[in-house]
Structures are given as C-alpha cells and as structure tokens.
Number of protein chains: 2
Amino acid sequence: MPNDMADQKGQIPTNLRLLLLLEEVARAGVPVTPAGLVEALGLPKPTVHRLFNTAEEEGFLQRDIDGRSYGPGPRLRRLSVNTLSSQRLRTLRLSILTEVVEQMDETCNISVPDREHMVYLERIETKWPLRIQLPVGTRVPLHCTASGKMYLSSLNPRYLDRYLATHKLEQHTSKTITDVAALKAELSKTRKRGYSTDDEEFMYGMVAVAVAIVDDQGRLVSTLSAHSPLQRNNLVKITENIGTLKSAAEKLSDLLLT
Amino acid sequence: MPNDMADQKGQIPTNLRLLLLLEEVARAGVPVTPAGLVEALGLPKPTVHRLFNTAEEEGFLQRDIDGRSYGPGPRLRRLSVNTLSSQRLRTLRLSILTEVVEQMDETCNISVPDREHMVYLERIETKWPLRIQLPVGTRVPLHCTASGKMYLSSLNPRYLDRYLATHKLEQHTSKTITDVAALKAELSKTRKRGYSTDDEEFMYGMVAVAVAIVDDQGRLVSTLSAHSPLQRNNLVKITENIGTLKSAAEKLSDLLLT
DNA sequence: ACTTTTATTATCAAAAATTAGAAGTATTTT
DNA sequence: AAAATACTTCTAATTTTTGATAATAAAAGT
C-alpha cells in the first residue's frame, strides 16, 4: 500500500532507486534483509542486492549484528539530522513553540531521546524572572523527567524491560520513582492518558508535563514539555494546559510530515 | 570541500547522485539553488537540474517561497524522521557497548564476518587520546585479528580447511601466524577457552581480545572485541577483562532473540 | 547427515541515464 | 531601457546501469 508512485508506471527511474530503498528501510524501523525488500520495492533481486551494497559502501546503510540485515548508517543519520534542523523547519518550530509559551506562560522545550537521555533541542523561556536553568543541549535522565517518561512509555514492552533490566533508576529527589514495578505502572498510566508528568522527581521545586510528537506511524520522535517552578504553578495547574500542548504537538508532527 | 569520495574516482555512480544532492541540500541547512550546487557536486549543470526536478516531482525537495531555491520536501522529512525513530534497537546495543568501554577503558567493537573479512559495525572509543584508527565499515583480515580468529574458530572443520586451502595467510607483522598448522592449533585453543587474542599480529603495537556473539542456535553471528595500544595495556592485562566482555556478549546475543 | 528451499552473486545483451555545448530565458546591473 | 550576467532547457552520441537467466552459497527441514 505505501509504495507511492513506485510501480505506478511499471518502472522506477535509476536515480530514485537508492532513495526508495532507504525510504523503505527507514519506514521498516527495524533492520531488513535485501531479500525481504525485493517484493516491497518491486525490483529484481540482483538490483536490490547491488543497491544494498552501494548503500553500505557509502555509509548510508549499516549492517546489523546478525550480519545479514541492514539499518540506517551514519551517513543517513547525519543527513536526517541535517534535514530536520534546517533553518526553515527550525523557524516554523520556534514559532509554534513561541505561541504555546505565550498561551501557557511557562517555559517549553522540545526534546529528543538520545541513548539513555533526553536532549533539549529547542526551548522558549517565559518572561518570568524565575526560571529553571536547563539550556539547549542539556541531557536529562529518562526515568524521572516528564519528557523521558513520555519516551519510555512509548517503548515496546520488550525494549522497556531490557532497558529497565540494564539501568539503575537513580534517585534524584525523594519523589523519584526508583522501583521498577512502580515505574511501569506510572508509564502505563502515561500511555493511557497520553501525557506524562514530573512532580519534583528530577529537581526539588520543579514540576513538568510532556506530550509526544509522533511520526507518520505514530512512533514518538520527540517530546514537547512545559516546566514550571512550584512557586508559580503546581502540577494540577500546569496540567490544565495539556490541551494547548497537545494541539501544538500535533502541529509539530505535521511539520515533519507535510 | 567535504565532498567525500564524490569526485575521487572521477565519477559518481548514477544511483548515488540524487542522494548526494539531498545530502548537500541538507547540509546547507538553507534553501539552495541548482546552480549553487553545480560546483559543490562536481556534476554538469543539466544533470543537476534534472536531479532537482526529479527530487521535486517526487516530493524529496520542495521549492522555497522565492521560487528558485529548494529545501527538504515532505518526503525527505518523513524519511529523516523515520530514520531517527528507528534507532531504538541500536540504542540498546550501544548502551551495552558503552558500559563495557567504561568498565574496561578500552575501545570496543562489534564486527561481523563478510566473505573473507571482518567488518566493523559499531565502535565506542575510549576517552584516551591514544587511539587506534579503524572506523566503522573498515574490513580487516581473518587470520591475524582477534575478531577474525574468533570467527574462524567457530567454523566447522570442513569449511575451515577449505578456507585455509584457498587463502594465503598474508604476513602483516613478524608475529602474524602464517603457518596453517600453527593457525589451526591457535584456533583450537581459541575454541576451547572461548575467546581469541591478537598479539600484534595485525598491527605493531596493538593487542586485542574478542568473544563471540551467538544466535539462538549457538552459531557465531558477530564478535565483540577490545583493542588497545601496547603503550597502555599488554595482552595479559587486557585479557583480565574477558569476563566483562563475555557477559556483554551474552546480553548482545539476547538482543538478537527479540 | 542429507535433501529441499531460499538467498545471494555472476554474466552480458539491452535499456536507460548522462553529457557537452549551445541556444533560449529570466534576472540584475548600469 | 539596454546590456550583461546568470540561469535553465534542448539535443543526439556515449557511457553506465540494468535485469533475465543461471550458478552458487546458505538455511531450513527431514
């Protein structure tokens, strides 16, 4: 179904082939084998193999540890990062973010998962003098932040279990959830209601809420979150703005796709 | 100036051209004109124009408001988003690798056998300034590297004999094992103790150890290895970490099952 | 261990994309 | 407003890439 104009005219131009291949690999989301894509691409077997080889040689694809399947390589990742941080997109992102900040009057952030952390990608501050100092580029833990918990809640249960099995839940404040079962319950609640919260779990005096920014397959790609010092807003009050956050997150998702 | 292997061999394969074009557009970060990329790509003007047209028709690029320059289109953005959100599996294995590197404080690699070589798939460097320069994608010989010998030791004797019969054991350093009988003895030792070593057999001043990453049937699919310059660690010392390596390899093996 | 099935690689005539130079068109400068 | 400059399109010969077939290798099944 998702094969655009690929086989529409019976033929795919040479120029496009590698690109379509990468598109399929990216869409698959998991490493794929050449044989597995032969049908999806509608190209002859030798061609597909050749394309995989070229892509690997050039660093656009990278072999998985099973030695036979391929996923995105360093060069494709760099290309992707550059694409998404292009000036035009950034401008549009910031304008959406600014609007949210004006409505909520709280600092907002866009963060992406990076290994075992969330990284702040963009942020717009409120005009209030009382601010939380977490500049762009800062890495924060997953298990005790709103954005991190939103991310964890989007993981397939198997990966989540693996993550939890290999990582200790470090205590940051007395409210940090350090028990695996409790965290899983919290994540399940997060999944159901579609937003996550941080009630002083990372820093004393700070509360936050986060929602997901998703791709065309509904996978989380980044998060939109709002932070506030307790002196100004408590969790209940900041949660009242979830609607605003959600609609902004939807706009941000659209930005990526249309 | 960062034109990789573009004009290295005088020619860019047709298949890669569109991709290189998109790569340039993404790197630029701001909308670019066809003419502006002619030089950067080292391709003739008509070609560049045609590529831009194809890319636009297919939605990979889109015209800027000014009508003449192009930036990433919806399809390239989707591809990018999908690429970046399909990194979950990799994330997990990188975190395993990172942990090993932190414990051992030596560069670690995952490699897979590919024909007559081992290919580096993944690597995490130490913080040490003194490093061994073997980037991801590099191919190394089988008979004189830790990972290669680990792989050879896992081969069924018939295949091994056939390999040894048809391949000359090239001498890389004075310590390279070039005698078939001696290599077979070494491989048998490797098989028994469950790890392989490289004592300056591939490069002077470099030692390494490797263990196997196996699939559900116990077959070797890739290897996990640690490398060190002799100035920092000798073979005996690096071998003390075999336990760490083995338990990490086991975790990586588990990842294959999911 | 052996057979069957599936995946990958090699070959080479056929097909498609590329190229260069020049001509046509728009845009900017004076 | 005219000239200069930069950009885009056109063409047919040339170079590359392609893909049906078949050989080989690897996995799966018995």
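In what follows, chains carry the letters A, B, and so on, assigned in the order in which the sequence lines appear, proteins first and then strands, with residues in each chain numbered from 1. These values consider heavy atoms only, across backbone and side chains, with no hydrogens, waters or symmetry-generated copies. Keep in mind it's a predicted model, so treat the numbers as computed, not measured.
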**OP:** Return the 5'-most residue of the pair A/Thr33, B/Val48 with respect to DNA chain C, ranking by each residue's nearest nucleotide.
**Re:** A/Thr33

Original post:
Under 4.0 Å: is that the gap between some side-chain N or O of B/Asn15 and OP1 or OP2 of D/dT18?
Top reply: yes

**OP:** By nearest nucleotide on DNA chain D, pick out whichever of B/Pro46 and A/Pro46 is the more 5' one.
**Re:** B/Pro46

Subject >> Exam field: side chain B/Ser188 to backbone B/Lys184, donor-acceptor pair closer than 3.5 Å >> reply: no

Subject >> Axial cation check for B/Tyr195 ring with B/Arg193, 6.0 Å and 45° limits >> reply: yes

Original post:
Base, sugar-phosphate, or nothing for A/Pro44, non-hydrogen atoms under 4.0 angstrom?
Top reply: sugar-phosphate

Original post:
Side chain of B/Arg17: nearest nucleotide among D/dT8, C/dT18, D/dG19?
Top reply: C/dT18

**OP:** Describe the nucleic acid contact of A/Arg68 in one word from base, sugar-phosphate, nothing, applying a heavy-atom distance below 4.0 Å.
**Re:** sugar-phosphate

Original post:
According to a strict under-4.0 Å criterion, is A/Thr14 in side-chain N/O contact with OP1 or OP2 of C/dA16?
Top reply: no

**OP:** Mind calculating the distance between NE2 (A/His49) and P (D/dA22) to the nearest angstrom?
**Re:** 19 Å

Original post:
Rounded to whole angstrom units, what separation is found between the NZ atom of A/Lys45 and the P atom of D/dT18?
Top reply: 18 Å

**OP:** Report the residue from A/Asp215, A/Thr83, A/Leu84 that forms a side-chain contact (heavy atoms from CB on, under 4.5 Å) with A/Leu256.
**Re:** A/Leu84

Subject >> A/Phe52 CZ to C/dT8 C1', straight-line distance once rounded to whole Å >> reply: 13 Å

Original post:
Which of parallel (below 30°), tilted (30 to 60°) and perpendicular (above 60°) describes B/His227 and B/Tyr120?
Top reply: perpendicular

Original post:
Can you tell me how far P of D/dC7 sits from CG of B/Asn53, to the nearest Å?
Top reply: 16 Å

**OP:** May I ask you to evaluate whether B/Arg50 reaches the phosphate of C/dA17, defined as a side-chain N or O under 4.0 Å from OP1 or OP2?
**Re:** no

**OP:** For B/Asp114 and D/dA26, give me the distance from atom CG to atom C1', rounded to whole Å.
**Re:** 14 Å

Original post:
Could you give the CG-to-P distance, from A/Leu37 to C/dT6, as a whole number of Å?
Top reply: 18 Å

Subject >> Whole-Å gap separating P (D/dC7) and OH (B/Tyr70) >> reply: 13 Å

Original post:
In whole angstroms, how far is the P atom of D/dA26 from the CG atom of B/Leu155?
Top reply: 10 Å

**OP:** Please say whether more than 12 non-hydrogen atoms of neighbouring residues, nucleotides or ligands are located less than 6.0 Å from CZ in B/Arg191.
**Re:** yes

Subject >> Minimum-distance nucleotide (side-chain atoms of A/Pro34 versus D/dA28, D/dT9, C/dT8) >> reply: C/dT8

